[in-house]
Visitor: 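Below is one structure. I have some questions about it.
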Amino acid sequence: MNLRAYTNTGFVFEKWTTASGELVSTSSSFTFTKGEGHEKLIANYVFAPDAPVEPADPATIMYYQLTLNATEGGSVSGGGRYLAGKEITLSAYCNDKFDFDGWYDSDGGLLSKSTSYKYTTTDKHRTLTGRFVFNPDSPKEPSEPTLKPKHNINVVANEGGSVNISQTRLQEGESVTLRAYYNTGYVFDGWYLNGELYTKLQEFSYTVSNQSVQNFEARFLFDPDSPNEPNMPTSTNHAFFLMNKVTVPGAMVKYPIYLSNVRTIGDMTFQLTFPEELKPDLTSVEMSGKAERYSVSCSAVDDTTYVFSLIGGQVPAGNAAVLVFTVPVPEKTSTGKNYQIKINQVSLTEEDGSTITASTRNGRISVYKLGDTNGDDEVNSADVLNIVTVALQKPTEIFIEEVSDMNDDEEFSSADVLGIVNIALNEE
C-alpha cells in the first residue's frame, strides 16, 4: 500500500515509525508492505515556524472504470481502470458462425463497427457492449485472443528524490506515466533507460517496447540552492535498502543489497538478520560492478545474523546494487507468509576519512504455493478463475504474477491456466 504524510504550515515531516519507535522510513511518501497481525505506523513531525505550507498533492490521479460486455457469439478485451483521455485499443473476437455487429454505449448508440477499436477514455465510469450477430456462412475465427507479450519496467531513484509509476508490467504498445520528485537541496538530472539518458522531463509517458525488461533510473544532483520542497526527506545523504521478493518453496532467490549515495564512499560495514527458515548461502556472494574493487568478509554473530565488511574500494555517487547473494528456500518452507530481512548497524567512510551512518529500509521474501494466484495459501478454482481473467486481459483484484507464470514465458495464457488446473486437482 502507498502511504503519504502531509505537512501543515509551521511543521516539517521527520519520519515514519512503528508504535514502539522503530524507524520505518524517512520519506513522506513510500510503499509499505503489510505484515501479519495488526500494525500501527506513526507519522512524526517537528515544529519549524519558517517551513512553508505543503502544496496540494501533485500525484493525485483519478482512474475511471471501463466495463466491457459481450453478447452471445464472441468475446471482447481491453476493459479496465484508466486515466481520462487515454487512447486504448478494444478488441472483439467472433465465434464460429458469428459476425461482429459493433461497439455500443449504455444508451444503445453505435460507436464503431471495427473489431479493433481505438477508444479514448472519459472522466466517467462507462460500460460498452460488443454485439455479435449469427451468420451461418461466416468462417470460423478463434474465440481466444492472441495476447501480446508483457514486459517488466523496473524504476529506481537515487537518494536525491523519489519516483511514482502506476504500473510495472505492461504489454507491448501500452503506455505508462513516470514521475520524479526531487528532495530539498537537489535538482532533477534526468531519466536514464538502461544507463543512457532518456529524457530531462520530470514527468513523461513511456510506450513499452519489445525488450523483456526496461530499467529506468531517476537521477538527482546535490544543489543546496535548489527550491525547498517540504514534503521530501532531508535527514540523510546515503541509504541502504533491501528488496521485497516473491517466490515458491524449493526456489533459489537472488537477493540484492542496494546502496544509494550522493557522495563517494569507501569502506563500509552493515549487519543483516535473516529469518531462521531462510538462511543465505554465504558462498554465493557476488559483487556488482559498482563494488567489484572491494575485499568482502562476513562474520556470523549468531545463527541468523551476519556482519558484512567491504574494505579497500570506493563507490561513486549513484544508486545500484552493491552485492547479491543466494537465499535457498527449502521445500518445506511454510507458505502464505512474509519473511523479513533486516539491515542495521551501518557504518560508512567518506573521502575525507569521516565515518557516518546511513538510513535503511528492511526487505522481505514472501513465499507462496506455486499457482496460488490470489495469495490465500490454497490452489483451487478461485486461482483458476483468476488466471483465466488475466489471460483474457480483464481486471482482477489480486494477482501474484511471480507464482502464476507456470512455464516462465513472461506471459499469461492457456498454458498457465492448464498448469494451475492440474495443481488445483491434485490439491483437492
Side-chain angles (χ1 to χ4, degrees), residues 22 24-25 31-37 152 154-156 168-169 212-213 215 239-260 268-292 294-310 315 319-346 358-373 375 377 379 400-406 408 410:
E22 180 182 357
V24 177
S25 175
T31 299
F32 176 70
T33 302
K34 179 71 174 67
E36 297 179 353
N152 292 322
N154 296 330
V155 178
V156 296
T168 58
R169 185 174 174 83
S212 60
V213 179
N215 298 302
F240 275 98
F241 53 99
L242 310 184
M243 306 301 292
N244 295 331
K245 293 284 189 176
V246 178
T247 190
V248 297
M252 304 289 284
V253 178
K254 289 288 189 179
Y255 200 86
I257 307 298
Y258 277 87
L259 170 65
S260 177
M268 64 184 85
T269 62
F270 52 85
Q271 179 174 287
L272 297 178
T273 301
F274 295 83
E276 290 189 4
E277 298 88 343
L278 304 178
K279 296 180 181 179
D281 176 8
L282 297 179
T283 64
S284 67
V285 175
E286 301 174 8
M287 303 304 295
S288 72
K290 184 174 184 176
E292 60 186 4
Y294 281 94
S295 172
V296 182
S297 62
C298 176
S299 60
V301 177
D302 52 40
D303 287 344
T304 60
T305 303
Y306 307 86
V307 175
F308 286 81
S309 297
L310 282 69
V315 178
N319 179 39
V322 174
L323 55 83
V324 181
F325 50 85
T326 301
V327 179
V329 182
E331 289 283 358
K332 295 184 179 180
T333 303
S334 297
T335 54
K337 295 179 62 177
N338 296 319
Y339 296 90
Q340 188 175 53
I341 301 174
K342 299 180 180 180
I343 181 169
N344 53 29
Q345 297 190 18
V346 174
S359 63
T360 60
R361 187 186 74 185
N362 295 330
R364 288 183 173 89
I365 295 179
S366 301
V367 182
Y368 296 96
K369 294 179 179 178
L370 183 63
D372 182 12
T373 67
D377 204 29
V379 182
I400 304 174
E401 296 181 356
E402 292 86 348
V403 299
S404 305
D405 187 4
M406 307 299 292
D408 293 325
E410 298 186 354

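Throughout, residue positions are numbered sequentially from 1 according to the sequence presented. No experiment lies behind these values; they were computed from the predicted model shown.
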Visitor: Please list, chain by chain and in numerical order, all residues satisfying salt bridge (charged side-chain N to carboxylate O under 4.0 Å, His left out) with E286, sequence neighbours excluded.
Guide: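 With sequence neighbours excluded, E286 shows a salt bridge (charged side-chain N to carboxylate O under 4.0 Å, His left out) to K254, given in chain and number order.
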
Visitor: For S25, check side-chain contact (heavy atoms from CB on, under 4.5 Å) against everything at least two apart and list the hits.
Guide: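 Only W16, S27, F30 meet the side-chain contact (heavy atoms from CB on, under 4.5 Å) criterion with S25.
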
Visitor: Under the criterion side-chain contact (heavy atoms from CB on, under 4.5 Å), I'd like the reasoning laid out for K279 against D303: C-alpha separation, chi angles, the key distance, then a yes or no.
Guide: CA-CA 9 Å; K279 296 180 181 179; D303 287 344; 3.9 Å; yes

Visitor: Looking at residues at least two apart in the chain, or sitting in another chain, which of them share a side chain to side chain donor-acceptor pair (under 3.5 Å) with T333?
Guide: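 Counting only residues at least two positions away or on another chain, T333 forms no side chain to side chain donor-acceptor pair (under 3.5 Å).
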
Visitor: CG/L323 to OH/Y294 distance, rounded to the nearest 0.5 angstrom?
Guide: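 Between atom CG of L323 and atom OH of Y294 there are 11.0 Å.
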
Visitor: Let me confirm one number: the CG-CG distance from D405 to L370, rounded to the nearest 0.5 Å.
Guide: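 The CG atom of L370 is 9.5 Å from CG of D405, to the nearest 0.5 Å.
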
Visitor: Can you find a pair of side-chain heavy atoms, one from V329 and one from V367, that are under 4.5 Å apart?
Guide: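 Yes, close enough: below the 4.5 Å cut-off.
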
Visitor: Quick one: side-chain contact (heavy atoms from CB on, under 4.5 Å) partners of E22, sequence neighbours excluded?
Guide: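 With neighbours one apart ignored, the set is T18, S20, N362.
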
Visitor: Working to the nearest 0.5 Å, report the span between OH of Y255 and OG of S284.
Guide: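 Here the rounded value is 14.0 Å.
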
Visitor: Report yes or no: does T335 contribute a side-chain atom to a donor-acceptor pair with the main-chain N or O of K369 at less than 3.5 Å?
Guide: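 No; zero donor-acceptor contacts below 3.5 Å.
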
Visitor: What pair of heavy atoms forms the shortest contact from L278 to P330, and how long is it?
Guide: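 Heavy atoms only, the tightest pair is CD2-CD, 3.9 Å.
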
Visitor: Excluding sequence neighbours, so at least two apart, what forms ring pair (Phe, Tyr, Trp, His ring centres under 6.0 Å) with F325?
Guide: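 So F325 forms a ring pair (Phe, Tyr, Trp, His ring centres under 6.0 Å) with F274.
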
Visitor: For S404, give me all partners under side chain to side chain donor-acceptor pair (under 3.5 Å), at least two apart in sequence or on another chain.
Guide: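 S404: no side chain to side chain donor-acceptor pair (under 3.5 Å) contacts found.
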
Visitor: Return all side-chain donor-acceptor pairs below 3.5 angstrom for residues 239-247, not counting sequence neighbours, or 'none' if the list is empty.
Guide:
| from | atom 1 | to | atom 2 | distance (Å) |
| --- | --- | --- | --- | --- |
| N244 | OD1 | R364 | N | 3.0 |
| N244 | ND2 | T33 | OG1 | 2.9 |

Visitor: How long is the span from the CG atom in D372 to the CD1 atom in I400, to the nearest 0.5 Å?
Guide: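 Reported to 0.5 Å precision, the distance equals 5.5 Å.
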
Visitor: List in chain and number order the residues that pass side-chain contact (heavy atoms from CB on, under 4.5 Å) with E277, two or more places apart in sequence or in another chain; answer none if no residue qualifies.
Guide: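 In terms of side-chain contact (heavy atoms from CB on, under 4.5 Å), with neighbours along the sequence ignored, E277 is linked to P275, K337, Y339.
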
Visitor: Do the side chains of Y368 and E402 get nearer than 4.5 Å, heavy atoms only?
Guide: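 They are not in contact (no side-chain heavy atoms under 4.5 Å apart), so the answer is no.
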
Visitor: D302: which residues meet the side-chain contact (heavy atoms from CB on, under 4.5 Å) condition with it, sequence neighbours left out?
Guide: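 By the side-chain contact (heavy atoms from CB on, under 4.5 Å) rule, D302 matches T304, T305.
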
Visitor: If you measure from CG on L282 to OG on S299, what distance do you get to the nearest 0.5 Å?
Guide: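 Going from CG on L282 over to OG on S299, the span is 10.0 Å.
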
Visitor: Please enumerate all residues that pass side chain to side chain donor-acceptor pair (under 3.5 Å) together with T283, with sequence neighbours excluded.
Guide: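 Once residues adjacent in sequence are excluded, the partners of T283 under the side chain to side chain donor-acceptor pair (under 3.5 Å) criterion are D281.
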
